[in-house]
Amino acid sequence: MKLYNTLTKEVEEFIPHNKNEVTMYTCGPTVYHYAHIGNLRTYIMEDILEKTLNYLGYNVKRCMNITDVGHLTSDSDTGEDKMLKGAKREHKTVMEIAKMYTDAYFSDCQKLNLAKPKIVSPATDNIDNYIEMIEKLIKKEYAYISNGNVYFNVSKLDDYYALTNHKENEMVVGAREGVKEDLGKINQSDFVLWFTKSKFDDQELKWESPWGLGYPGWHIECSCISLKYLGEYLDIHCGGVDNIFPHHTNEIAQTEATIGHKWCSYWVHGEHLNDQSGKMSKSKGEFLTVSLLENKGYDPIAYRFMCLQSHYRNQLMFSYDSLDNSVQALEKLKNKIRNLKEDGEVKDLETFRFKFKEALGNDLNTSLAITVLYDVLKSELNNSSKLALIKEFDTVFSLNLLEEKKLNKDLIENIETLLEKRKQAKIDKNFNLADEIRKEIEDLGVTIKDTREGTIYSLK
RNA sequence: GGGCCUGUAGCCAAGUGGUAAGGCAUGGGACUGCAACUCCCUGAUCGCUGGUUCAAAUCCGGUCGGGCCCUCCA
């Protein structure tokens with residue numbers, strides 16, 4: 001298995017710290033609003049990665065956080081807590097909001113066939129751990145207290161910018177509008193570990209700490225949760241590219257300062273989904289959620305398919321045209337598969353299996369893996385063998401390729417009766433009637449197809 | 001100002017030195033009472049421009065265009 005590692009900027013052979021056991025940490029959602037499909041693109045990539053590793057025989061232990069607290073707009077005390085903002089908007093308490101959007105998030109995941117990580121931990125469940133870790137950092141003199149907040153001192157590290165090519169003196173403070181310099185810091189890139197002072201005194205969730213009543217900075221949760229559940233040697237850490245700096249950079253800083261050795265070997269980042277105006281966001285353009293797509297009549301799986309046809313490290317352009325494209329393609333693909341009927345012994349799977357593994361094993365080239373699927377369909381293999389391969393591939397793709405939609409009994413009887421009538425009409429050359437009956441059947445949501453063996457039907 | 005990614009047929013998109021995968025759409029054909037489904041056939045020299053090389057979409061330089069990050073973000 002080869003993976004592109006942001007840390008080395010190279011595609012590397014993946015070697016877990018502990019033989020076949022893989023530890024994987026993926027940054028989870030901030031539950032102050034619905035996830036948009038751009039957010040979900042990264043989770044789709046992570047899902048494919050996890051399933052590919054499983055397919056290749058690894059045992060993956062994956063952990064994800066749920067950010068349900070104190071996600072400020074910035075470390076410099078400007079901006080507003082997102083959870084609080086969400087709560088105000090919905091006239092609910094912060095915890096109610098968190099619950100509501102956490103549920104919504106997992107519901108979206110389910111619709112996209114995203115496996116739930118073995119370990120899911122809300123940020124608010126681990127406050128004691130953060131405090132403990134921050135105390136350690138202060139004791140080791142990596143952290144200092146200033147203006148009531150606890151900061152991490154990045155100048156104590158040899159290589160704070162390991163993940164990026166940033167240089168401290170070339171960075172522009174306030175490159176982004178609304179960001180103001182925090183005068184309490186020693187270095188420009190120092191970040192907050194614990195807040196006791198914020199311009200937003202109405203911050204709802206606060207905890208007692210050695211530094212006073214306050215709440216954690218927004219990088220500490222991922223470090224802590226990861227250490228708590230996955231140990232001091234992490235194999236893979238994932239997230240969106242926007243997390244590279246500062247979030248992941250800071251995670252590395254505080255974690256390695258705490259444990260005193262290298263922490264995570266492979267950093268895997270997913271590129272963004274863009275729309276015509278650039279990066280998709282919650283504040284501009286159409287707010288594209290899974291539910292919105294569903295309301296417009298799209299099967300969320302078609303979006304998953306769209307993502308798989310591109311590479312996770314390339315930006316992908318969203319448009320309804322390309323989603324329509326994927327809808328068509330997926331439908332055709334499933335039709336082809338539906339037409340395969342078992343016909344004997346399963347054999348000769350290795351060639352395609354190898355190609356499939358090679359595609360995914362090459363830094364998750366899902367697009368090429370999809371091509372292998374089409375190659376299987378066009379191959380000389382018998383149907384049973386094709387079906388066996390498709391079933392295997394779909395453990396990674398998760399596109400419901402073999403899904404047989406269930407017809408209920410009454411519906412079947414109804415259709416059988418109508419088909420009999422239509423058959424008679426055709427014999428009588430009464431094609432108008434035959435067409436009417438076909439229309440009637442289609443209105444029931446069923447497609448029919450005339451073949452030499454008779455008429456067959458399936459759910460649309 | 002600094003860092004990074006990207007430009008392949010109408011559209012989406014693989015492909016990192018040896019003369020361009022795949023999908024969707026289009027057009028033509030087979031099948032059908034018609035249709036749907038399915039099957040067969042159908043298209044690009046890779047933004048532009050210099051260079052390296054026996055050989056470049058692939059490497060290097062320039063140029064034009066699109067996008068991202070630099071303390072909200074997947």
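Only a predicted model underlies this, so the values are computations on that prediction, with no experimental measurement involved. Sequence lines set the chain letters: A, B, ... in the order given, protein chains first and strands last, and positions in each chain run from 1.
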> Base, sugar-phosphate, or nothing: which does A/H247 touch, judged by heavy atoms less than 4.0 Å apart?
Replying inline: nothing
> How long is the line joining CG of A/N325 and C1' of B/C24, in whole Å?
Replying inline: 4 Å
> With both distances kept under 3.5 Å, what pairs with B/C39, Watson-Crick or G-U wobble?
Replying inline: B/G29
>> Side-chain N or O of A/N39 versus OP1/OP2 of B/A74: is the shortest distance under 4.0 Å?
In response: yes
> Rounded to the Å, how far apart are A/Y320 OH and B/C24 C1'?
Replying inline: 19 Å
> Using atom P of each nucleotide, how far apart are B/A14 and B/G29 to the nearest Å?
Replying inline: 34 Å
> On RNA chain B, nearest-nucleotide positions of A/R313 versus A/S310: which is more 5'?
Replying inline: A/R313
> Which whole number of Å gives the distance between the C1' atom of B/G65 and that of B/U8?
Replying inline: 15 Å
> Which base sits across from B/G7 as a Watson-Crick or G-U pair, both distances under 3.5 Å?
Replying inline: B/C64
>> Can a side-chain donor-acceptor contact be found between A/Y160 and A/N250 if the only test is distance below 3.5 angstrom?
In response: yes
>> If I pick the P atom on B/C37 and the same atom on B/A44, what distance separates them, to the nearest angstrom?
In response: 27 Å
>> Can you tell me how far apart CG (A/N274) and CG (A/L316) are? Round to the nearest 0.5 Å.
In response: 8.0 Å
>> Tell me the interatomic distance from A/F318, atom CZ, to B/C11, atom C1', rounded to whole angstroms.
In response: 14 Å
>> Roughly how many Å apart are B/A20 and B/U45, using the C1' atom of each and rounding to a whole number?
In response: 8 Å
>> Can you tell me which nucleotide in B/C24, B/A74, B/C12 comes closest to the side chain of A/A329?
In response: B/C24
>> At 4.0 Å (heavy atoms only), tell me whether A/G270 reaches a base, stays on the sugar-phosphate, or touches nothing.
In response: nothing
>> Using atom C1' in both nucleotides, what's the gap between B/C54 and B/U49 to the nearest angstrom?
In response: 23 Å
>> Checking contacts here: which listed nucleotide (B/C12, B/C70, B/G67) is nearest the side-chain heavy atoms of A/Q315?
In response: B/G67
>> Under 4.0 Å, counting only non-hydrogen atoms across every strand here, what does A/N339 touch: a base, just sugar-phosphate, or nothing?
In response: sugar-phosphate
>> Tell me the interatomic distance from A/K9, atom NZ, to B/U16, atom P, rounded to whole angstroms.
In response: 20 Å
> Which listed nucleotide (B/G67, B/U38, B/A74) is nearest to the side chain of A/K336?
Replying inline: B/U38
> What integer distance in Å separates A/L323:CG from B/A25:C1'?
Replying inline: 15 Å
>> Can you see if the side chain of A/N314 gets near the phosphate of B/C68 - specifically, an N or O under 4.0 Å from OP1 or OP2?
In response: no
> Going by number, which of residues 425-435 of chain A have a non-hydrogen atom under 4.0 Å from RNA chain B?
Replying inline: A/K426, A/F431, A/D435
> Within 45° of the axis and under 6.0 Å from the centre of the six-membered ring of A/F106, does NZ or CZ of A/K116 qualify?
Replying inline: yes
> When only distance counts, do a donor and an acceptor, one from the side chain of A/R438 and one from the base of B/A35, lie under 3.5 Å apart?
Replying inline: yes
> Given atom CG of A/N335 and atom P of B/U38, what is their separation to the nearest angstrom?
Replying inline: 5 Å
> Within the structure, does a side-chain N or O atom of A/K332 lie under 4.0 Å from either OP1 or OP2 of B/A25?
Replying inline: yes
>> Please give the distance between the P atoms of B/A30 and B/A35 as a whole number of Å.
In response: 12 Å
>> Both A/M306 and A/P246 contact RNA chain B. Which one's nearest nucleotide lies toward the 5' end?
In response: A/M306
> Which heavy atom in A/P300 sits nearest to a heavy atom in A/V290, and how many Å separate them?
Replying inline: CG-CG1, 3.9 Å
> OP1 or OP2 of B/A25 less than 4.0 angstrom from a side-chain nitrogen or oxygen of A/Q328, does that happen here?
Replying inline: yes
> Taking atom C1' in both B/A25 and B/G66, what distance in whole Å separates the two?
Replying inline: 24 Å
> Is it true that a side-chain atom of A/Y303 and a backbone atom of A/I37 form a donor plus acceptor pair closer than 3.5 Å?
Replying inline: yes
>> Please determine whether any donor N or O and acceptor N or O are separated by less than 3.5 Å between the side chain of A/D242 and the base of B/C69.
In response: no
>> I need the A/S385 OG to A/L349 CG distance, nearest 0.5 Å.
In response: 5.5 Å
> Applying a 3.5 Å limit to both distances, which nucleotide forms a Watson-Crick or G-U wobble pair with B/C46?
Replying inline: none
>> Quick check: do A/L373 and A/L333 have side-chain heavy atoms less than 4.5 Å from each other?
In response: yes
> When the C1' atoms of B/U53 and B/U38 are considered, how many whole Å apart are they?
Replying inline: 48 Å
Find every protein N or O atom lying less than 3.5 Å from an N or O atom of nucleotides 19-22 of chain B, and list the pairs.
residue	atom	partner	partner atom	Å
B/A21	N1	A/S367	OG	3.3
B/A21	N3	A/T371	OG1	3.2

> Taking atom P of B/G15 as reference, at what distance in whole Å does atom NZ of A/K355 sit?
Replying inline: 16 Å
>> Taking any heavy-atom pair under 4.0 Å as a contact, classify A/L333: base, sugar-phosphate, or nothing.
In response: nothing
> Is there a donor-acceptor contact under 3.5 Å linking the side chains of A/E342 and A/S384?
Replying inline: yes
>> Does a side-chain N or O of A/N365 approach OP1 or OP2 of B/G15 to a distance below 4.0 Å, or not?
In response: yes
> Using a distance-only test with no angle check, is there a side-chain donor-acceptor pair under 3.5 angstrom linking A/H36 and A/T289?
Replying inline: no
> Would you call A/K2 and A/E12 a salt bridge, using N to O less than 4.0 angstrom?
Replying inline: no
> A/V396 pairs by side chain to side chain contact (heavy atoms under 4.5 Å, CB included) with which of A/L49, A/L53, A/T366, A/I48?
Replying inline: A/I48
> Less than 4.0 Å between a side-chain N and a carboxylate O, is that true for A/R41 and A/E271?
Replying inline: no
> Do A/D435 and A/K439 sit within salt-bridge range, that is, some charged N less than 4.0 Å from a carboxylate O?
Replying inline: no
> Could you give the NE2-to-C1' distance, from A/H311 to B/C5, as a whole number of Å?
Replying inline: 12 Å
>> Any strand counts, and the cut-off is 3.5 Å on both contacts for Watson-Crick or G-U wobble. Which nucleotide pairs with B/U19?
In response: none
